[in-house]
Amino acid sequence: MRFYNTLTRRLEEFREIEKGRVGLYTCGPTVYDFPHIGNFRSYLFEDLVKRFLLFSGYRVRHVMNITDIDDKTIRKANELKVPLAEVTQKYIAAFHADLRALNTLPADAYLRATEHIPEMVHLVSALLEKGYAYRKDGSVYFSIERFKEYGRLANLDRASLKTGAAANAAADADEYEKEAAQDFVLWKGKKPGEPSWPAPFGEGRPGWHIECSAMSMKYLGPHFDIHMGGVDNIFPHHENEIAQSECANGVTFVNYWLHCQHLIVDGMKMSKSLGNFYTLGDLLAKGYAPMAVRYLLISSHYRKLLNFTLEGLEMAAQALARIKNFIFSLKHVEIEGGADPELAAAVAASLDAFGASLADDFNVSGALGVMFDLIADVNPRMNALTRGDAAGILAYMDRVNAVLGILEPGDEGPLDAEIEARIALREKARREKDFARADEIRAELKKQGIILMDTPAGVRWKKE
RNA sequence: GGCGGCGUAGCCAAGUGGUAAGGCAGCGCUCUGCAAAAGCGCUAUUCAUCGGUUCAAAUCCGGUCGCCGCCUCCA
């Protein structure tokens, strides 16, 4: 498999550090508000990458950080006049609920910054000892002139950074004094109204970037395979992580950096500061299914801007319905018999093509095209399939879904006795040619989310 | 100012040198008591635009137009 490495700005063949295993770190949320669908585009892409690694036979160790101590979380707690933990706990719970609704595979660990303060203190101490950091007015800063690689990930040169940051530094001069305008903070000295922890270099709290260096090191080691996040993380967050980690450990931090492009809404940039964002809850309240949201967010290429619209969400829901109808039909195949070898070979070839498409920089659109081609190939002969054929194709769909995660298990529960009675009543009406009555019952069941289909083999039903 | 991305049918979207995947929507038809599902047929001589290279260009090169991102809040 190959994909685009932000660090080298080219497509690279993936080579894991330890055979068959992948260490994966994904930047998680800052829990000061409800996550929006833009956040979930990134998390769903990360989930897709992880699922494809698993599909390809790798064992994946995946950790995600949760930033529960920073300027924004503190500000929110102070605004609401409640303890910080109360704010963060609420949004952490909301985050996990949405991840579940969107059918993401859980990470091996979700790491909270506040639960890793000692590790961060230790890392800052190490950077001070090695001379990469300096103390100033109770805070500790990283000196980027000590790290000659600084700016490599973001493709920025240090000279232009200096110019760009100078204006900002003037505006922030009352906040912190720094030796060089572009240096970044590792540890913020204690301030009134902020949580703080003791440290050898003075009581205070961690800067934003240090948590990811400290926690990834602890759970994945100083050198691991893949680090992911949204494109906005490239600079400064990931650039700073590299500086901290490589200076402290003296080894390469991460081999592959993968960044997901943003989404916009109705053509406009989406951000919390503009307030034009949808949460998952907003969309569910409008009656859209979480799986339609997932389908839409993963179905276009991760390095391209995605323009989110409700019309697009509707199209995603319809595409999903086509897939679900296909599976529904396969499950109702009734002709006994084994699988046709020619068909089985076509299915196997389709799965190969599906994987090959994803192996080429996660081309989900191409992979979906492969799957829909198979659907279009099978549908015309649906009525001639044997159970053996159907089982093979259903197994194929399971494999496809192991990567895409767009189909939930157990869509068809057992029918309520009352609903079954209604269906029987309608069948009786139909036999008696009382179609008005039959249609009335069908309409009533539709209101309950039950769709009836009259087929030559008898009535079938499904949930909407 | 520096760095980078995008522009393919009504909509969404693959395709990065060999003659335009796929999904949605639409129209006609088949099946059906009617629906639903499914199927069949139709829907881009053309890939923002101009020029160049090539036997061959949506794909490579150059210009132009338009949109967007990053350059210490952001997934």
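Letters A, B, ... are given to chains in the order of the sequence lines, protein chains preceding strands, and every chain is numbered from 1.
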Has the side chain of A:Asp454 got a donor or acceptor that lies under 3.5 Å from a partner of the other kind on the base of B:C34? yes
In whole angstroms, the gap separating P of B:A75 from CD of A:Gln261 amounts to 14 Å
Assign each of A:Ile451 and A:Arg426 the nucleotide of RNA chain B bearing its closest heavy atom; nearer the 5' end lies the nucleotide of A:Arg426
So what's B:C6 paired with, Watson-Crick or G-U wobble, going by both distances under 3.5 Å? B:G66
Please classify the nucleic acid contact of A:Leu263 as base, sugar-phosphate, or nothing, using heavy-atom distances under 4.0 Å. base
Among B:G15, B:G33, B:C68, the one nearest any side-chain atom of A:Leu305 is B:C68
Has A:Arg399 got its NZ or CZ under 6.0 Å from the middle of the six-membered ring of A:Phe55, at an angle within 45 degrees of the ring axis? yes
Where the side chain of A:Ala319 is defined as all heavy atoms beyond and including C-beta, which of B:U72, B:C24, B:G39 is the nearest nucleotide? B:C24
First encountered from the 5' end of RNA chain B, between A:Ala376 and A:Ala436: A:Ala436
Decide yes or no on salt bridge (Lys or Arg N to Asp or Glu O under 4.0 Å) for A:Lys72 and A:Asp33, but give the supporting numbers first. CA-CA 9 Å; A:Lys72 291 194 289 292; A:Asp33 203 348; over 6 Å; no
Base, sugar-phosphate, or nothing for A:Asn325, non-hydrogen atoms under 4.0 angstrom? sugar-phosphate
For B:C42, the Watson-Crick or wobble counterpart (both distances under 3.5 Å): B:G26
Take atom C1' in B:A57 and the same atom in B:U43, then report the distance between them in whole Å. 26 Å
Among the candidates B:G15, B:A38, B:U72, find the nucleotide nearest to the side-chain atoms of A:Asn379. B:A38
Could you tell me how the ring of A:Tyr25 sits relative to the ring of A:His227: parallel (under 30°), tilted (30 to 60°) or perpendicular (over 60°)? tilted
Identify whether any heavy atom of A:His301 sits under 4.0 Å from a base atom; if not, whether one sits that close to sugar-phosphate; answer base, sugar-phosphate or nothing. sugar-phosphate
I'd like the C1' distance from B:G26 over to B:G10, given in whole Å. 9 Å
Any salt bridge between A:Lys188 and A:Asp71, counting N to O under 4.0 Å? yes
A:Glu239 CD to B:C73 P, straight-line distance once rounded to whole Å: 15 Å
Assess A:Lys76 against A:Tyr32: is NZ or CZ under 6.0 Å from the centre of the six-membered ring, and within 45 degrees of the ring's axis? no
Counting only distance, no hydrogens or angles, is the base of B:A35 paired donor-acceptor with the side chain of A:Arg442 under 3.5 Å? yes
Checking contacts here: which listed nucleotide (B:G23, B:C73, B:A14) is nearest the side-chain heavy atoms of A:Met315? B:G23
Sugar-phosphate, base or nothing in reach of A:Ile264, heavy atoms under 4.0 Å: nothing
Evaluate whether the aromatic ring of A:Phe435 and the six-membered ring of the B:G33 base sit under 5.5 Å apart, centre to centre, with an inclination under 30°. yes
Describe the nucleic acid contact of A:Arg437 in one word from base, sugar-phosphate, nothing, applying a heavy-atom distance below 4.0 Å. nothing
What is the pairing partner of B:U19, taking Watson-Crick or G-U wobble pairs with both distances under 3.5 Å in any strand? none
State whether A:Arg442 and A:Asp439 are salt-bridged, where the test is any N-O pair (Lys NZ or Arg NE/NH1/NH2 against Asp/Glu carboxylate O) under 4.0 Å. yes
pair_partner(B:C60), Watson-Crick or wobble, both distances < 3.5 Å, evaluates to B:G52
Between B:U54 and B:A9, how far apart are the P atoms? Round to whole Å, please. 30 Å
NA contact type, A:Lys433, heavy-atom cut-off 4.0 Å: base, sugar-phosphate, or nothing? nothing
Check: A:Arg303 side chain, B:G5 base, donor-acceptor under 3.5 Å: no
Among B:G23, B:A21, B:G33, which nucleotide sits nearest the side chain of A:Arg430? B:G33
Would you mind pulling out the nucleotide paired to B:C31, Watson-Crick or G-U wobble, both distances under 3.5 Å? none
Whole-Å P distance, B:G2 and B:A58: 33 Å
Given B:A36, B:G4, B:A21, the nucleotide with the shortest approach to the side chain of A:Met453: B:A36
Considering residues, nucleotides and ligands other than A:Asn383, do more than 12 of their heavy atoms fall under 6.0 Å from its CG? no
So, under a plain 3.5 Å distance rule, would you say the side chain of A:Asp439 forms a donor-acceptor pair with the base of B:G33? yes
Would you kindly check if the NZ (Lys) or CZ (Arg) of A:Arg303 is within the cone defined by 45 degrees around the ring axis of A:Tyr4 and under 6.0 Å from the six-membered ring centre? yes
Expressed in angstrom and rounded to an integer, what is the separation of A:Phe235 atom CZ from B:A75 atom P? 17 Å
For the pair made of CG in A:Asp360 and C1' in B:G15, what is the distance, rounded to whole Å? 11 Å
Nearest-Å distance for atom pair CD/P, residues A:Glu46 and B:A75: 11 Å
Nucleotide forming a Watson-Crick or wobble pair with B:A14, both distances under 3.5 Å: none
Check whether the side chain of A:Arg322 and the base of B:C24 form a donor-acceptor pair under 3.5 Å. no
Can you tell me if A:Lys304 touches the phosphate of B:G7, counting only side-chain N or O atoms and a distance under 4.0 Å to OP1 or OP2? yes
CZ (A:Arg294) and OG (A:Ser299) are apart, to the nearest 0.5 Å, by 11.5 Å
Look at the side chain of A:Asn39 and decide which nucleotide, out of B:A75, B:A14, B:C74, has an atom nearest to it. B:A75
Which nucleotide in B:G33, B:A14, B:A75 has an atom nearest any side-chain atom of A:Asn363: B:A14
Of the listed nucleotides (B:A13, B:C24, B:A37), which one gets closest to any side-chain atom of A:Gln318? B:C24
Return the nearest nucleotide to the side chain of A:Ser42; candidates are B:A75, B:G33, B:G22. B:A75
Touch check for A:Gly229, heavy atoms < 4.0 angstrom, all strands: base, sugar-phosphate only, or nothing? sugar-phosphate
